[in-house]
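Data block below; observations after.
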Amino acid sequence: MPKLSPEYYLNENVVELSKDLIGKVLFTKFEGKLTAGIITETEAYAGINDKASHAYGGKRTHRNEVMYHQGGKAYVYLCYGLHHLFNIVTNTENIPHAVLIRAIYPIIGEKEILKRRNAVKNNYNLTVGPGKVSQALGIQTKHNGLVLSGNQIWLEDQGISFNQKLINVGTRIGVEYAKEDALLPYRFWINHSDIRL
DNA sequence: CGTACGATCTGCT
DNA sequence: GCAGATCGTACGA
(Lines give C-alpha, C1' and ligand atoms only; values in the text may rest on other atoms or scores of the structure.)
Protein backbone atom coordinates (compact mmCIF):
# COMPACT_ATOMS: atom_id res chain seq x y z
CA MET A 1 0.00 0.00 0.00
CA PRO A 2 1.32 3.44 -0.86
CA LYS A 3 2.28 6.00 1.73
CA LEU A 4 0.50 9.32 1.45
CA SER A 5 2.59 11.56 -0.76
CA PRO A 6 4.48 14.53 0.75
CA GLU A 7 2.18 16.81 -1.28
CA TYR A 8 -0.86 15.46 0.52
CA TYR A 9 0.12 17.35 3.66
CA LEU A 10 0.49 20.68 1.89
CA ASN A 11 -3.29 21.14 1.59
CA GLU A 12 -4.08 24.71 2.63
CA ASN A 13 -7.44 23.78 4.15
CA VAL A 14 -6.60 22.08 7.44
CA VAL A 15 -10.27 21.57 8.33
CA GLU A 16 -10.97 19.78 5.06
CA LEU A 17 -7.79 17.76 5.51
CA SER A 18 -8.80 16.75 9.04
CA LYS A 19 -11.99 15.26 7.64
CA ASP A 20 -10.11 13.57 4.81
CA LEU A 21 -7.74 11.93 7.27
CA ILE A 22 -10.61 9.91 8.72
CA GLY A 23 -10.09 6.41 7.29
CA LYS A 24 -6.40 6.80 6.53
CA VAL A 25 -4.08 4.36 8.28
CA LEU A 26 -1.44 5.53 10.76
CA PHE A 27 1.63 3.29 11.11
CA THR A 28 4.55 3.27 13.50
CA LYS A 29 7.59 1.03 13.51
CA PHE A 30 9.82 1.38 16.52
CA GLU A 31 12.48 -1.16 17.47
CA GLY A 32 11.15 -3.52 14.83
CA LYS A 33 7.63 -3.44 16.22
CA LEU A 34 5.00 -2.58 13.61
CA THR A 35 1.68 -1.18 14.77
CA ALA A 36 -1.09 0.57 12.86
CA GLY A 37 -4.66 1.77 13.13
CA ILE A 38 -7.34 3.45 11.08
CA ILE A 39 -7.71 7.11 12.02
CA THR A 40 -11.19 7.56 13.46
CA GLU A 41 -11.09 10.97 15.13
CA THR A 42 -9.26 14.20 14.29
CA GLU A 43 -9.20 17.85 15.24
CA ALA A 44 -8.02 20.79 13.14
CA TYR A 45 -5.84 23.54 14.61
CA ALA A 46 -5.93 26.39 12.14
CA GLY A 47 -2.85 28.51 12.67
CA ILE A 48 -2.26 31.98 14.01
CA ASN A 49 -5.91 33.09 13.99
CA ASP A 50 -7.16 30.08 15.94
CA LYS A 51 -7.28 30.83 19.66
CA ALA A 52 -7.07 27.12 20.48
CA SER A 53 -3.83 26.64 18.55
CA HIS A 54 -0.39 26.63 20.11
CA ALA A 55 0.55 29.02 17.29
CA TYR A 56 -2.21 31.54 18.04
CA GLY A 57 -1.10 35.09 17.43
CA GLY A 58 2.02 33.85 15.68
CA LYS A 59 3.46 32.43 18.89
CA ARG A 60 6.62 30.56 18.00
CA THR A 61 8.59 28.73 20.67
CA HIS A 62 10.95 25.82 20.97
CA ARG A 63 8.00 23.54 21.66
CA ASN A 64 5.85 24.45 18.65
CA GLU A 65 8.68 25.19 16.22
CA VAL A 66 7.87 22.20 14.02
CA MET A 67 4.38 23.58 13.39
CA TYR A 68 6.07 26.26 11.28
CA HIS A 69 7.82 23.69 9.12
CA GLN A 70 6.48 22.44 5.81
CA GLY A 71 3.56 20.04 6.21
CA GLY A 72 4.25 16.33 6.57
CA LYS A 73 6.00 16.16 9.92
CA ALA A 74 4.99 14.92 13.35
CA TYR A 75 4.34 17.49 16.08
CA VAL A 76 4.48 15.66 19.41
CA TYR A 77 4.26 17.45 22.72
CA LEU A 78 3.69 16.57 26.35
CA CYS A 79 0.29 17.40 27.80
CA TYR A 80 -0.58 17.53 31.51
CA GLY A 81 2.93 16.34 32.23
CA LEU A 82 2.28 12.76 31.17
CA HIS A 83 0.51 12.42 27.83
CA HIS A 84 2.32 12.58 24.52
CA LEU A 85 -0.08 14.05 21.95
CA PHE A 86 0.51 13.34 18.26
CA ASN A 87 -0.28 15.90 15.57
CA ILE A 88 0.26 16.04 11.83
CA VAL A 89 1.75 19.32 10.60
CA THR A 90 0.08 20.57 7.41
CA ASN A 91 0.25 23.40 4.89
CA THR A 92 3.43 25.09 3.65
CA GLU A 93 6.36 26.44 5.59
CA ASN A 94 5.53 29.26 8.04
CA ILE A 95 1.80 28.46 8.03
CA PRO A 96 1.48 26.61 11.38
CA HIS A 97 -1.48 24.30 10.77
CA ALA A 98 -1.82 20.93 12.49
CA VAL A 99 -4.24 18.03 12.92
CA LEU A 100 -4.50 16.29 16.30
CA ILE A 101 -5.14 12.56 15.99
CA ARG A 102 -7.64 11.74 18.75
CA ALA A 103 -8.52 8.11 18.04
CA ILE A 104 -7.59 5.09 15.95
CA TYR A 105 -9.01 1.64 15.28
CA PRO A 106 -6.14 -0.87 15.65
CA ILE A 107 -5.54 -3.17 12.67
CA ILE A 108 -1.89 -4.23 12.96
CA GLY A 109 0.17 -5.23 15.99
CA GLU A 110 -2.72 -5.61 18.40
CA LYS A 111 -0.63 -7.62 20.83
CA GLU A 112 1.97 -4.88 21.06
CA ILE A 113 -0.75 -2.26 21.42
CA LEU A 114 -2.37 -4.16 24.29
CA LYS A 115 1.02 -4.48 25.96
CA ARG A 116 1.84 -0.79 25.63
CA ARG A 117 -1.61 0.15 26.92
CA ASN A 118 -1.28 -2.29 29.78
CA ALA A 119 -4.61 -3.85 28.77
CA VAL A 120 -5.83 -7.39 28.33
CA LYS A 121 -8.61 -6.94 25.81
CA ASN A 122 -9.45 -4.69 22.92
CA ASN A 123 -12.48 -2.56 23.62
CA TYR A 124 -13.12 0.89 22.24
CA ASN A 125 -11.52 2.32 25.35
CA LEU A 126 -8.15 1.02 24.14
CA THR A 127 -7.29 3.66 21.55
CA VAL A 128 -9.97 6.38 21.76
CA GLY A 129 -8.38 9.53 23.16
CA PRO A 130 -5.23 11.35 22.00
CA GLY A 131 -3.05 10.23 24.89
CA LYS A 132 -4.10 6.63 24.34
CA VAL A 133 -3.32 6.79 20.61
CA SER A 134 0.26 7.82 21.29
CA GLN A 135 0.71 5.24 24.03
CA ALA A 136 -0.73 2.50 21.81
CA LEU A 137 1.56 3.34 18.92
CA GLY A 138 4.61 4.07 21.09
CA ILE A 139 4.82 7.72 20.02
CA GLN A 140 6.74 10.00 22.39
CA THR A 141 8.02 13.55 22.38
CA LYS A 142 11.40 12.28 21.19
CA HIS A 143 9.68 11.60 17.87
CA ASN A 144 8.77 15.27 17.48
CA GLY A 145 9.74 16.55 14.04
CA LEU A 146 9.92 13.16 12.31
CA VAL A 147 9.07 13.25 8.62
CA LEU A 148 5.91 11.24 7.89
CA SER A 149 7.36 9.85 4.67
CA GLY A 150 10.04 8.06 6.68
CA ASN A 151 10.12 4.55 8.07
CA GLN A 152 9.19 5.21 11.72
CA ILE A 153 5.86 7.03 11.49
CA TRP A 154 3.88 7.19 8.27
CA LEU A 155 0.36 7.19 6.83
CA GLU A 156 -1.14 5.07 4.09
CA ASP A 157 -4.27 5.32 2.01
CA GLN A 158 -5.68 1.82 2.02
CA GLY A 159 -8.83 2.81 0.16
CA ILE A 160 -10.93 2.77 3.32
CA SER A 161 -13.77 5.25 2.99
CA PHE A 162 -16.93 5.94 4.88
CA ASN A 163 -20.33 7.24 3.88
CA GLN A 164 -20.14 10.96 4.57
CA LYS A 165 -23.23 10.59 6.73
CA LEU A 166 -21.23 8.45 9.15
CA ILE A 167 -18.69 11.20 9.74
CA ASN A 168 -19.71 13.24 12.76
CA VAL A 169 -18.75 16.88 13.14
CA GLY A 170 -18.47 18.78 16.42
CA THR A 171 -16.50 21.13 18.61
CA ARG A 172 -13.03 20.44 19.87
CA ILE A 173 -12.36 18.92 23.28
CA GLY A 174 -10.59 20.62 26.15
CA VAL A 175 -10.15 24.04 24.57
CA GLU A 176 -12.58 26.15 26.61
CA TYR A 177 -9.84 28.73 27.01
CA ALA A 178 -10.22 29.50 23.28
CA LYS A 179 -13.60 31.17 23.96
CA GLU A 180 -15.53 31.67 20.70
CA ASP A 181 -13.06 29.54 18.76
CA ALA A 182 -13.93 26.62 21.02
CA LEU A 183 -17.29 26.56 19.23
CA LEU A 184 -15.83 25.97 15.76
CA PRO A 185 -16.82 22.65 14.12
CA TYR A 186 -13.25 21.43 13.81
CA ARG A 187 -13.60 17.89 15.19
CA PHE A 188 -14.43 14.90 13.02
CA TRP A 189 -15.05 11.32 14.05
CA ILE A 190 -16.69 8.04 13.16
CA ASN A 191 -18.07 5.52 15.62
CA HIS A 192 -16.06 2.32 15.78
CA SER A 193 -19.32 0.42 15.55
CA ASP A 194 -19.74 1.84 12.02
CA ILE A 195 -16.49 0.29 10.81
CA ARG A 196 -16.87 -2.61 8.38
CA LEU A 197 -13.65 -4.06 7.06
C1' DC B 1 14.63 31.53 39.29
C1' DG B 2 9.64 30.68 40.63
C1' DT B 3 5.31 29.47 39.50
C1' DA B 4 0.98 28.34 37.13
C1' DC B 5 -1.03 25.42 34.07
C1' DG B 6 -2.26 22.35 30.31
C1' DA B 7 -5.32 19.97 22.77
C1' DT B 8 -5.73 13.94 29.30
C1' DC B 9 -6.45 9.41 31.62
C1' DT B 10 -7.54 6.59 35.36
C1' DG B 11 -9.57 4.81 39.32
C1' DC B 12 -12.57 5.41 42.89
C1' DT B 13 -17.22 6.97 44.56
C1' DG C 1 -18.86 12.73 38.70
C1' DC C 2 -14.52 14.04 40.45
C1' DA C 3 -9.80 14.37 42.12
C1' DG C 4 -5.09 13.11 41.55
C1' DA C 5 -1.25 12.13 38.71
C1' DT C 6 3.03 14.60 36.93
C1' DC C 7 6.40 17.71 34.44
C1' DG C 8 7.86 20.54 30.45
C1' DT C 9 6.80 24.89 28.86
C1' DA C 10 5.97 29.70 29.08
C1' DC C 11 6.31 33.79 31.09
C1' DG C 12 7.15 37.25 34.50
C1' DA C 13 10.41 38.82 38.27
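Just so we're on the same page: letters track the sequence lines, and every chain starts at 1.
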Can you tell me the pairing partner of B/dA4 across any strand shown, Watson-Crick or G-U wobble, with both distances under 3.5 angstrom?
->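 In the structure as shown, B/dA4 has C/dT9 as its Watson-Crick or wobble partner.
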Which one is paired to B/dG11, where only Watson-Crick or G-U wobble pairs with both distances under 3.5 angstrom count?
->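 C/dC2 - that is the nucleotide pairing with B/dG11, both distances being under 3.5 Å.
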Indicate, with yes or no, if the rings of A/H54 and A/Y77 have centres closer together than 6.0 Å.
->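 Yes: the rings meet the under 6.0 Å criterion.
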Measure from the ring center of A/H192 to the ring center of A/Y105 and say whether it is less than 6.0 Å.
->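 So the answer is yes for these two rings.
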To the nearest angstrom, how far is [X] atom [atom1] from [N] atom [atom2]?
| X | N | atom1 | atom2 | value |
| --- | --- | --- | --- | --- |
| A/N118 | B/dG11 | CG | P | 9 Å |
| A/N125 | B/dG11 | CG | C1' | 12 Å |
| A/K132 | B/dG11 | NZ | P | 10 Å |
| A/N144 | C/dG8 | CG | P | 15 Å |
| A/K179 | B/dA7 | NZ | C1' | 18 Å |
| A/Y77 | B/dA7 | OH | P | 5 Å |
| A/K59 | B/dG6 | NZ | C1' | 10 Å |
| A/L100 | B/dG6 | CG | C1' | 13 Å |

Could you say whether A/V128 or A/L78 is positioned toward the 5' end of DNA chain B, judged by the nucleotide with the nearest heavy atom to each?
->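 Looking at the nearest nucleotide for each, A/L78 comes out on the 5' side.
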Using a heavy-atom cut-off of 4.0 Å across all strands, would you classify [X] as base, sugar-phosphate, or nothing?
| X | result |
| --- | --- |
| A/R172 | nothing |
| A/L82 | base |
| A/R187 | nothing |

Heavy atoms from C-beta onward define the side chain here; which of [options] lies closest to that of [X]?
| X | options | answer |
| --- | --- | --- |
| A/Y177 | B/dA7, B/dT8, C/dC11 | B/dA7 |
| A/T61 | C/dT9, C/dC7, B/dT8 | C/dT9 |
| A/N87 | B/dC9, C/dA5, B/dA7 | B/dA7 |

C/dA5 base stacked by A/Y80? Criteria: ring centres under 5.5 Å, plane angle under 30°.
->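 So A/Y80 does not count as stacking on the base.
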For A/I39, which of A/L155, A/I160, A/I190, A/D20 qualifies under side-chain contact (heavy atoms from CB on, under 4.5 Å)?
->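 Among A/L155, A/I160, A/I190, A/D20, the one meeting side-chain contact (heavy atoms from CB on, under 4.5 Å) with A/I39 is A/L155.
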Base B/dA7 paired with A/H54 side chain (donor-acceptor, <3.5 Å) |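 For A/H54, whose side chain was compared with the base of B/dA7, there is a donor-acceptor pair (under 3.5 Å).
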Test: A/E156 and A/K3 ion pair at under 4.0 Å =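 A salt bridge is absent here (no side-chain N lies under 4.0 Å from a carboxylate O).
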Side-chain N or O of A/R63 closer than 4.0 Å to phosphate OP1/OP2 of C/dG8 =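 No, A/R63 has no side-chain N/O under 4.0 Å of OP1/OP2 on C/dG8.
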Would you please confirm or rule out a distance under 4.0 Å between OP1 or OP2 of C/dT9 and any side-chain N or O of A/R60?
->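 It does not, given that no N or O in the side chain of A/R60 lies less than 4.0 Å from OP1 or OP2 of C/dT9.
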Separation of A/S18 OG from A/L100 CG (nearest 0.5 Å) =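 So the CG of A/L100 and the OG of A/S18 are separated by 9.0 Å.
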Hey, are A/K24 and A/Q158 close enough side-chain-wise for a donor-acceptor pair under 3.5 Å?
->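 The answer is no; no qualifying pair exists.
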